[in-house]
2 protein chains.
Amino acid sequence: MIYVENDPALRGIMTQLLEQRPDIEILLATGIAHEAIDRRLAEQADVALLDLALGSSQMNGIDLGLALRSLNDNIGIVIHSQYRLDTVARVVPPEALIGWVTLPKSGELPIGDLVQTLRDAARGMTLTEPLADSETLPLESLTIRQRAVMGMAASGIKSTEIARRLHISHDAVRQDLSRAYKILVPDADPDADDLRTRAVLTYLELTRDDDAGDGA
Amino acid sequence: MIYVENDPALRGIMTQLLEQRPDIEILLATGIAHEAIDRRLAEQADVALLDLALGSSQMNGIDLGLALRSLNDNIGIVIHSQYRLDTVARVVPPEALIGWVTLPKSGELPIGDLVQTLRDAARGMTLTEPLADSETLPLESLTIRQRAVMGMAASGIKSTEIARRLHISHDAVRQDLSRAYKILVPDADPDADDLRTRAVLTYLELTRDDDAGDGA
DNA sequence: AACGACCTGTCACAGGTGTGAGGTCCTGGG
DNA sequence: CCCAGGACCTCACACCTGTGACAGGTCGTT
């Protein structure tokens, strides 16, 4: 197997645990994505265990998995992540999805189960369900006006000033912000969360360097 | 001890290893920063082991450490990170630095060494050297309370909730936020700027751990 | 034309926010 | 001892925010 995990502490511990298994051979354990992209390595490996989030300076686990697939049609790919995993189903072409398994990071996963998942993936099992869909990214369900207003709010402009600059009423701005908040922070606790700040953080996150699909 | 680590896999493994030590009692192991901010918990704990990068949706380990300090003057803080750690020295007020230890994440760190570091921090040892300096960042002129309050605000918690969690009055929180805004956004235009958002953005910029010394 | 679905705007209300003025409590000079 | 300076807090005031209810608009469909 090939193991790519960003966090050195987790990688070290996991490597130790996996090496104790007689049926597992670790060809490479690294935190650097491009080290794993090697034809000889990919051809020798039966399966790759890839952290999804490898840090902002390099490709993510999905891209890496696709790269490995292009070197070895039969390699199993296990994506390891603590975040939502349906992203995989959205960006991986369906015909390449065979042998893709997503594995939520959790503290309780016994090492034996992990090994079993790796074996399953190597045999071609697919655990990633094709997107139930109707799921759209929050950003895409914002209207143009809402994005304009939200964008200005995210750069630290107060509502009254946004209204002045867009030549609409203060009420209208607040109404659109309110509607944008519901979309960007649907799970907010009105007693604890500062909606504006949470929405701004989400908005900035969604509008950063990502991602597939739409043009500006 | 209190343990806050974003990555559930690492957290789970570390929790198991630490619980095997007879001299360590884990009061809380969580990935959610604000769960750790609890008066009773902070008073009972001798030391907190905090991951620096807790994810973009919540405060970082330094802010969390400061919040815990405001609940318990004597709690030891161990910041765990794979990144550069001199940020700590730059952003933590020197008088609060006693008992702050920074610990690089690496795969090889024996659990015994970690335990020893935790004990050292609980006893008040300081491993973070006060920055050689002539660097005066806005952050350094914030008081500890202001850092704690601002850190929580920057993670999207509203003032009333911050007050509740830190056991101070809503008025006091707003007063400290107001003072923090003046320091973080000295050039604000009160007619156009949303002070809270601008301060949050500035604050996050200043506390990012990949941020080199010079700004602007 | 009538319909549904969406987007946009207005209004009123409850509650949150930012700030100056002015207290208390320390701490470290003089 | 008294005093200055700072951190922290309370209060009151003016203003800003977030939201439900509701009323047009504009589409594309029936």
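In what follows, chains are A, B, ... by sequence order, proteins preceding strands, each numbered from 1.
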Grab the [atom1]-[atom2] distance between [X] and [N] for me, whole Å please.
| X | N | atom1 | atom2 | result |
| --- | --- | --- | --- | --- |
| A:Leu195 | D:dT17 | CG | C1' | 10 Å |
| A:Ile183 | C:dT8 | CD1 | C1' | 14 Å |
| A:Asp193 | D:dT19 | CG | C1' | 16 Å |
| B:Lys182 | D:dA7 | NZ | C1' | 15 Å |
| A:Arg179 | C:dC6 | CZ | P | 13 Å |
| A:Leu142 | C:dC6 | CG | P | 15 Å |
| B:Arg147 | D:dA7 | CZ | P | 15 Å |
| B:Tyr181 | C:dT17 | OH | P | 8 Å |

Study note, to complete from the structure: With the side chain defined as heavy atoms from C-beta on, B:Ser178 is closest, among C:dT19, D:dT19, D:dA7, to C:dT19
Point to revise | Options D:dG18, C:dG20, D:dC9, nucleotide nearest the side-chain atoms of B:Arg145 | key: D:dC9
Practice item. Kindly say whether A:Arg174 contributes a backbone atom to a donor-acceptor pair with the side chain of A:Ser178 at under 3.5 angstrom? Key: no
Review point. Would you find a donor on one side and an acceptor on the other, under 3.5 Å apart, between the side chain of A:Asp189 and the backbone of A:Asp191?
Key: yes
Practice item. Go through residues 159-175 of chain A and report each residue with a non-hydrogen atom lying under 4.0 Å from DNA chain D, sorted by number. Key: A:Ser159, A:His170, A:Arg174, A:Gln175
Review point. Is B:Thr143 near enough to D:dG6 that one of its side-chain N or O atoms lies under 4.0 angstrom from OP1 or OP2?
Key: no
Review point. If only side-chain N and O atoms of A:Arg196 are considered, is one of them under 4.0 Å from the OP1 or OP2 phosphate oxygen of D:dG18?
Key: yes
Study note, to complete from the structure: DNA chain D nearest-nucleotide lookup for A:Lys158 and B:Asp176: closer to the 5′ end is B:Asp176
[X] [atom1] to [Y] [atom2] distance, which is reported to the nearest 0.5 Å:
| X | Y | atom1 | atom2 | answer |
| --- | --- | --- | --- | --- |
| B:Ser159 | A:Asp194 | OG | CG | 7.0 Å |
| A:Ile168 | A:Leu166 | CD1 | CG | 5.0 Å |
| A:Arg11 | A:Thr30 | CZ | OG1 | 6.0 Å |

Point to revise | Heavy-atom pair of closest approach, residues B:Ile157 and B:Arg196 | key: O-NH2, 3.3 Å
Check your understanding: Is any NZ, NE, NH1 or NH2 atom of the basic residue among B:Glu43 and B:Arg40 found under 4.0 Å from an Asp or Glu carboxylate oxygen of the other?
Key -> no
